[in-house]
Amino acid sequence: MPDAVGLELLARELGDDALRTAYAHDKGAIDVAPGSIRSVLAALRGKGFGSLVSVHGLDYFPHEPRLGVQYELLNMSQPDRLTVRLRVPLDEPVVPSVTPDWPTANHQEREIYDMFGVVFEGHPDLRRILMPEDYEGHPQRRDFPIGGEPILFTHNEHTTPRWFQ
């Protein structure tokens with residue numbers, strides 16, 4: 001958005017779907033309820049924000065609602081950027097998929113599902129994209145245990161089973 005006033009006017013046009021706004025570092029953000037994400041993005045498309053540049057997952061541990069999704073929109077005619085944010089609780093991390101309206105969100109929603117555990121309701125092919133299908137947990141959550149497989153070095157090659165045998 002060009003300025004904070006323009007962001008507030010845009011949020012007012014969205015009505016009750018816009019919960020609050022934030023403007024910092026010459027960039028605007030609008031917080032919305034998870035259930036209204038598709039209608040908000042459709043309204044913003046009508047306002048010129050025709051490119052969904054990226055979709056990001058976030059973990060606000062230890063705060064609730066803990067998981068977040070951010071949609072980065074671009075208005076190519078202005079050029080302006082806008083972030084649309086939402087948050088969902090850990091016990092019910094469900095967000096409507098925007099993939100039917102924005103095909104570029106397909107793999108990005110799958111990655112957020114895989115790494116954070118946010119379920120995108122209505123996604124045409126919601127399954128793991130980076131981790132194996134039988135993998136338990138979501139590695140990008142802040143409470144995910146740090147660790148992993150031992151790394152094979154010359155000093156421990158006799159005590160660590162070799163993965164290539």
Side-chain angles (χ1 to χ4, degrees), residues 1-131 135 137-144:
M1 294 308 310
D3 57 18
V5 175
L7 178 66
E8 291 298 324
L9 292 172
L10 184 60
R12 181 174 289 175
E13 290 178 24
L14 294 174
D16 293 337
D17 289 336
L19 301 177
R20 69 189 134 282
T21 62
Y23 187 82
H25 308 289
D26 294 327
K27 186 167 182 204
I30 298 176
D31 295 341
V32 301
S36 63
I37 188 62
R38 287 184 72 181
S39 62
V40 167
L41 292 183
L44 291 172
R45 179 181 264 169
K47 298 289 180 192
F49 291 94
S51 297
L52 178 63
V53 179
S54 61
V55 183
H56 305 279
L58 297 103
D59 186 353
Y60 293 99
F61 178 80
H63 305 288
E64 276 291 333
R66 182 168 155 187
L67 300 176
V69 181
Q70 288 188 355
Y71 302 83
E72 300 291 333
L73 299 173
L74 178 64
N75 183 338
M76 296 289 284
S77 63
Q78 296 284 332
D80 286 332
R81 291 185 177 271
L82 178 66
T83 302
V84 179
R85 309 182 298 197
L86 60 86
R87 289 177 67 171
V88 291
L90 190 60
D91 59 346
E92 191 179 346
V94 179
V95 176
S97 174
V98 299
T99 299
D101 306 322
W102 305 82
T104 188
N106 186 346
H107 285 83
Q108 296 173 53
E109 286 182 349
R110 285 179 61 187
E111 182 179 358
I112 296 167
Y113 166 71
D114 194 2
M115 295 288 112
F116 292 94
V118 175
V119 177
F120 290 92
E121 196 170 59
H123 191 281
D125 187 21
L126 192 62
R127 58 188 164 96
R128 289 198 181 264
I129 192 170
L130 299 172
M131 304 303 291
Y135 191 83
H138 304 284
Q140 290 295 311
R141 286 187 181 175
R142 291 189 173 196
D143 60 353
F144 191 78

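All of these numbers come straight from a predicted model, not from anything done at the bench. Values below: every heavy atom of this structure, side chains too, minus hydrogens, waters and symmetry copies. We count residues from 1, following the sequence as given.
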Close side-chain approach of [X] and [Y], heavy atoms under 4.5 Å:
| X | Y | value |
| --- | --- | --- |
| Leu41 | Tyr71 | yes |
| Leu130 | Met115 | yes |
| Val98 | Glu109 | yes |
| Val118 | Tyr113 | no |
| Glu13 | Glu8 | no |

Could you pull out all residues at least two apart from [X] that satisfy salt bridge (Lys or Arg N to Asp or Glu O under 4.0 Å)?
| X | answer |
| --- | --- |
| Arg128 | Asp114 |
| Arg110 | Asp125 |
| Arg12 | none |

Using atom types as modelled and distance alone, determine if a side-chain donor or acceptor of [X] lies under 3.5 Å from a backbone N or O of [Y].
| X | Y | value |
| --- | --- | --- |
| Gln70 | His56 | no |
| Arg20 | Val32 | no |
| Arg141 | Phe116 | yes |
| Glu121 | Ser97 | no |

Distance (rounded to the nearest 0.5 Å) between [X] [atom1] and [Y] [atom2]:
| X | Y | atom1 | atom2 | answer |
| --- | --- | --- | --- | --- |
| Asn75 | Leu82 | CG | CG | 9.5 Å |
| Ser51 | Trp102 | OG | CH2 | 7.0 Å |
| Leu74 | Phe49 | CG | CZ | 8.5 Å |

Note: Arg85-Asp31 ion pair, threshold 4.0 Å (strictly below):
yes
Is Glu64 salt-bridged to Arg87, cutoff N-O under 4.0 Å?
no
